[in-house]
Amino acid sequence: RDPALRRGVAPPWPWPLPLNKWAGDEATIDGIRASLWEGNMIRILGAVQQEIAEIVYQDLLEVDQWEFDAAATPTGQHSRRILKCLSWGSGGCPQVLGHFHRFMASQLQFWSKLAGLPLMSWRPLDPSSAAATLYRQGDFMSPHTDLEQGCGLSVIWSLALGWRPEQGGALWWMRHSGAEVFAAAFNTMYMFKPGNVSHHMVSPVVSGEGKRFAVSGCFTAQPV
């Protein structure tokens with residue numbers, strides 16, 4: 001264990017690669033890219049180093065500045081809690097989570113290779129965006145595509161430790177043949193290429209037990 005990687009304290013930037021071995025395997029990256037362009041949702045179990053995932057989860061447990069975020073627009077409806085971070089390491093914004101976002105933003109070449117298209121920026125690094133989300137009982141996200149946000153690659157890092165499928169809050173990936181349903185899980189990363197058929201949703205959370213955290217965002221791409 002890195003003594004600097006403990007709750008509430010982040011090691012000096014720049015970080016070493018926090019992703020697990022899948023990110024350094026060329027065959028895996030090639031397979032992910034091909035599957036993304038086929039319109040699939042990619043699921044990677046244990047995507048991030050376990051130690052980092054555990055620290056971010058523990059830090060989020062201590063956050064008390066969750067903002068209620070609900071909206072009903074022509075493109076969808078949602079109810080959730082979000083964490084906005086104007087500065088990392090202060091005001092309830094965990095440093096390790098901040099370093100994760102900085103890592104994502106600094107690795108455009110890697111993510112562009114994985115996506116198979118040039119990406120411009122990692123949106124959650126913008127202070128106006130959500131650094132993390134929390135779905136409580138009754139929260140949900142209706143079907144949407146992420147396409148209207150100018151996203152070239154969407155990424156969801158699920159951090160729901162000990163979550164049970166019957167608690168709801170599942171990620172639904174909508175297909176012509178039916179929906180793929182992914183129960184909220186811990187340290188699992190989902191990726192997809194937004195398009196006209198990339199509809200996905202979060203089913204209503206029906207239990208007040210546990211914490212359904214996620215770190216979600218997208219890499220923007222130039223308009224085609």
S.K.: Give the ring-plane orientation class for Trp122 versus Phe219, where under 30° counts as parallel, over 60° as perpendicular and anything between as tilted.
M.R.: tilted

S.K.: For residues Val63 and Leu60, determine if any side-chain heavy atom of one lies less than 4.5 Å from a side-chain heavy atom of the other.
M.R.: yes

S.K.: Closest heavy-atom contact between Gly210 and Trp163?
M.R.: C-CZ3, 3.8 Å

S.K.: Linking I/L/V/M/F/W/Y whenever any side-chain heavy atoms sit under 4.5 Å apart, do Ile42 and Leu153 land together?
M.R.: yes

S.K.: How long is the gap from CD1 on Ile55 to CD on Gln50, to the nearest 0.5 Å?
M.R.: 10.5 Å

S.K.: Within the side chain of Ser142, is there an N or O that forms a donor-acceptor pair under 3.5 Å with the backbone of Gln77?
M.R.: yes

S.K.: Identify, with sequence neighbours excluded, every residue that meets salt bridge (Lys or Arg N to Asp or Glu O under 4.0 Å) alongside Glu26.
M.R.: Lys113

S.K.: Could you check whether any side-chain heavy atom of His99 comes within less than 4.5 Å of a side-chain heavy atom of Phe103, counting everything from C-beta outward?
M.R.: no

S.K.: Could you walk me through whether Leu159 and Phe186 pass the side-chain contact (heavy atoms from CB on, under 4.5 Å) check?
M.R.: CA-CA 4 Å; Leu159 290 170; Phe186 185 72; 3.8 Å; yes

S.K.: Quick one: side-chain contact (heavy atoms from CB on, under 4.5 Å) partners of Leu134, sequence neighbours excluded?
M.R.: Trp66, Arg81, Arg136, Lys211, Phe213

S.K.: Side chains of His144 and His200: is there a donor and an acceptor less than 3.5 Å apart?
M.R.: yes

S.K.: Same hydrophobic cluster for Leu36 and Met189, using side-chain heavy-atom links shorter than 4.5 Å among ILVMFWY?
M.R.: yes

S.K.: With distance as the sole test, does Asp25 use its side chain to make a donor-acceptor pair with the main-chain N or O of Ala27 at under 3.5 Å?
M.R.: yes

S.K.: Quick one: are Pro194 and Thr145 in side-chain contact, heavy atoms under 4.5 Å?
M.R.: no

S.K.: Check for me, please, whether Phe140 and Leu171 land in the same ILVMFWY cluster - side-chain distances under 4.5 Å, paths through other members count.
M.R.: no

S.K.: Taking the side chain as every heavy atom from C-beta outward, state whether His78 and Val202 have any atom pair closer than 4.5 Å.
M.R.: no

S.K.: Tell me whether Phe100 shares a hydrophobic cluster with Met191, the cluster being built from Ile, Leu, Val, Met, Phe, Trp, Tyr side chains joined at under 4.5 Å.
M.R.: yes

S.K.: Where the side chain of Ser106 meets the backbone of Arg102, is there a donor-acceptor pair that is under 3.5 Å apart?
M.R.: yes

S.K.: Of all heavy-atom pairs between Gly208 and Gln137, which one has the smallest distance, and what is that distance?
M.R.: N-OE1, 3.6 Å

S.K.: Can you tell me how far the CZ atom of Phe192 sits from the SG atom of Cys218, to the nearest 0.5 Å?
M.R.: 8.5 Å

S.K.: Check the pair Asp139 / Arg80 against salt bridge (charged side-chain N to carboxylate O under 4.0 Å, His left out), numbers first and verdict last.
M.R.: CA-CA 5 Å; Asp139 287 343; Arg80 60 182 182 173; over 6 Å; no

S.K.: For the residue pair Pro18 and Val48, what are the closest heavy atoms and their distance?
M.R.: O-CG1, 3.4 Å

S.K.: Heavy-atom distance under 4.5 Å between the side chains of Thr28 and Ile44, does that happen here?
M.R.: no

S.K.: Going through the checks in order, is the ring pair (Phe, Tyr, Trp, His ring centres under 6.0 Å) test met by Tyr190 and Trp173?
M.R.: CA-CA 11 Å; Tyr190 304 90; Trp173 180 243; 10.0 Å; no

S.K.: Report the residues that fulfil salt bridge (Lys or Arg N to Asp or Glu O under 4.0 Å) with Arg164, sequence neighbours left out, ordered by chain and then residue number.
M.R.: Glu166, Glu209

S.K.: Set out, in order, the CA-CA distance, both residues' side-chain angles and the distance that settles side-chain contact (heavy atoms from CB on, under 4.5 Å) for Asn187 and Tyr57, then state yes or no.
M.R.: CA-CA 9 Å; Asn187 196 18; Tyr57 177 84; over 6 Å; no

S.K.: If we only count heavy atoms from C-beta on, is the Pro94 to Glu62 side-chain gap below 4.5 Å?
M.R.: no

S.K.: Check for a donor-acceptor pair, side chain of Arg212 on one end and backbone N or O of Ser158 on the other, with a separation under 3.5 Å.
M.R.: no

S.K.: List the atom of Met141, the atom of Met201, and the distance in Å for their closest heavy-atom pair.
M.R.: O-CB, 3.1 Å

S.K.: Could you give the distance from CD (Glu38) to NZ (Lys193), rounded to the nearest 0.5 Å?
M.R.: 12.5 Å

S.K.: Within a strict 4.5 Å, meaning less than it, do heavy atoms of the Tyr135 and Ser79 side chains meet?
M.R.: no

S.K.: Verify side-chain contact (heavy atoms from CB on, under 4.5 Å) between Asp59 and Leu97, making sure each step is shown before the conclusion.
M.R.: CA-CA 8 Å; Asp59 283 346; Leu97 175 61; over 6 Å; no

S.K.: So do the side chains of Thr188 and Trp157 get within less than 4.5 Å of each other, counting heavy atoms only?
M.R.: no

S.K.: Is there a continuous path of hydrophobic side-chain contacts, each under 4.5 Å between heavy atoms, that joins Ile52 to Leu83?
M.R.: yes

S.K.: Would you check if the side chain of Thr133 reaches a backbone N or O of Ile82 as a donor-acceptor pair within less than 3.5 Å?
M.R.: no

S.K.: For a quick test of reading the model, state the closest non-hydrogen atom pair linking Ala184 to Ala160 and the distance between them.
M.R.: CB-CB, 3.8 Å

S.K.: Keeping Trp111 on the side-chain end and Ala105 on the backbone end, is there a donor-acceptor pair under 3.5 Å?
M.R.: no

S.K.: Nearest 0.5 Å please: distance from the CD atom of Gln107 over to the OG atom of Ser112.
M.R.: 10.5 Å

S.K.: Do you know which two heavy atoms are closest between Leu117 and Ala221, and how far apart they sit?
M.R.: CD1-CB, 4.1 Å

S.K.: Between the side chain of Thr220 and the main-chain N/O of Gly150, is any donor-acceptor distance below 3.5 Å?
M.R.: no

